[in-house]
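Heads up, the thing below is written out as structure tokens.
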Protein chains: 2
Amino acid sequence: MTAATPTARVPQEERTRVMRARLLEACVEVLIERGYAGTSTTLVSERAGVSRGAQLHHFPTKADLVVAAVEHLTLVRGADLAAAAEALPRGSHRTRAVLEMLGEHFSSPVFTAALELWVAARTDAELLAAVGPLEQRVGRDAHRLTVELLGVDESRPGHRELIQATLDLVRGLGLANTISDDARRRRRILDQWARTLDAALADPADPADTGTDQHPEDPA
Amino acid sequence: MTAATPTARVPQEERTRVMRARLLEACVEVLIERGYAGTSTTLVSERAGVSRGAQLHHFPTKADLVVAAVEHLTLVRGADLAAAAEALPRGSHRTRAVLEMLGEHFSSPVFTAALELWVAARTDAELLAAVGPLEQRVGRDAHRLTVELLGVDESRPGHRELIQATLDLVRGLGLANTISDDARRRRRILDQWARTLDAALADPADPADTGTDQHPEDPA
DNA sequence: TAACAAACAGTCAAGACTGACTTTTTCTCG
DNA sequence: CGAGAAAAAGTCAGTCTTGACTGTTTGTTA
């Protein structure tokens, strides 16, 4: 009945896209709830409301599914960070706000899912081949974003390392957050680090460098 | 000392102790090599050279085995840190040496095993009940040790948080180390962190208030 | 409209892991 | 020295997961 089809006609290309998206979203959800080992393909298909056969059509093996989910997750994480960066306030508490954003991001469920994959990839060569490069890219993007947001001049000695340290710090905080949520502790640590970081980035004598002025939006 | 015992007589208590130790060591080894999910009880018993039934006698379930391994690992980690602390040089590069020690520790296989348990515990209530308190204890011990080694006065505002940040930093570095070993990067970051940390801990004005006052914040 | 291809759904067998059960060896005590 | 108890070894059934197979529906093209 091609003549008249008053009901919703959905192109198969669109259907494929939606189906895959549902599976990937469900995969990430299950990853967060049950961990990598607890993520069975059966569970994902049930969660997605997709039949087992359909799932197998799109992703023949578990590895195919999870690797695709990793890539999906990478996009989500990138979008997350970019969106959070947009909403950042300008002004005197810029550094603290940037740290807060990073801290939030690395304590979010999205990071938890990434952590599961990270750890699983250590002992799974196939997964590692997919996760490794992606994680590296995410790391570089986060670094670049942080440098931009803070207006850091990476040519000044030590400044690049301070940003790297900042990112590793929030990663460590995120790790600790996974089994014992302690937002207060995190807040206090980031409060202090914001002050120390500002001092280190501003002080021309500290990293052994003659001072030029900071970024323009530096307040009183 | 009954009449005659020419062959090696081993008391059953000692045998039990040895048997358990072998199983726990093997369990940690497998944990590092295969990850938590890849750690089957069968594999551990084979690795330990202990029969399946014998293993089951000492540790009826997988949870029993792994939880015991967690406790064992806690002792190992504590001993590791204490031993490393002994060998520390005194003098001008004290801070850098302490950071090096921490960095090494949190990049060692022992940390990797702990990380596996850490992540697994997130989605395993029984494991979490065992891992949570132990990890907390290890964290506190590491904090205390670092404070001692660096001679930090925690009553000064912000100093406690800086030590916490340092430990979270090395945790983050250790996490990154699990899938891509980059010792050079770690060294550069810790070089800079040592300088920044020394400056922040030494300068009486730096960590202090930037306008708003800072409560000494007792150790909650 | 008919034929063909792609997407989807359901079923099932092979493999792996856990933990209970049974037998054999070793230690201790009367 | 012998009997009983504890420890260790070996075997096995139940359960879960994966991915392959077969049939059905939906969309495209001639």
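The shown structure was predicted, so the numbers you read here are calculated from the model rather than taken from an experiment. Lettering follows sequence order; numbering is per chain, from 1.
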| request: Measure from CG on A/L65 to C1' on D/dG19 and round the result to the nearest Å. | output: 13 Å

| message | Between B/D153 and B/S155, do the side chains contain a donor N or O and an acceptor N or O under 3.5 Å apart? | response | yes

| remark: Separation of D/dA9 atom P from B/E46 atom CD, nearest Å, is 13 Å

| request: Answer yes when A/R144 and A/E148 have at least one side-chain N-carboxylate O distance shorter than 4.0 Å, and no when they do not. | output: no

| field | Flag side-chain contact, heavy atom, 4.5 Å: B/R22 against B/R17 | value | no

| query | For A/S51 and A/Q55, does a side-chain donor sit closer than 3.5 Å to a side-chain acceptor? | reply | no

| Contacts to DNA chain D from residues 112-129 of chain A, heavy-atom cutoff under 4.0 Å, which residues? | none

| task | Any ring pair (Phe, Tyr, Trp, His ring centres under 6.0 Å) involving residues 52-89 of chain A? Give me the pairs, sequence neighbours left out, ordered by first then second residue. | result | none

| request: Could you tell me the separation between the CZ atom of A/F59 and the P atom of D/dT17, rounded to a whole number of Å? | output: 20 Å

| field | Per-nucleotide protein contact string for nucleotides 15-24 of chain C (B base, S sugar-phosphate only, - none; heavy atom under 4.0 Å) | value | ---BBB----

| request: For A/F106, check ring pair (Phe, Tyr, Trp, His ring centres under 6.0 Å) against everything at least two apart and list the hits. | output: A/F111

| note | For B/W193, the ring pair (Phe, Tyr, Trp, His ring centres under 6.0 Å) test, sequence neighbours excluded, returns A/W193

| said: Can you tell me if A/H57 touches the phosphate of C/dC8, counting only side-chain N or O atoms and a distance under 4.0 Å to OP1 or OP2? | reply: no

| field | Which residues share a side chain to side chain donor-acceptor pair (under 3.5 Å) with A/R185, sequence neighbours left out | value | B/D168

| Atom pair distance, as rounded to whole Å: CZ in A/R22 and C1' in C/dC8 | 12 Å

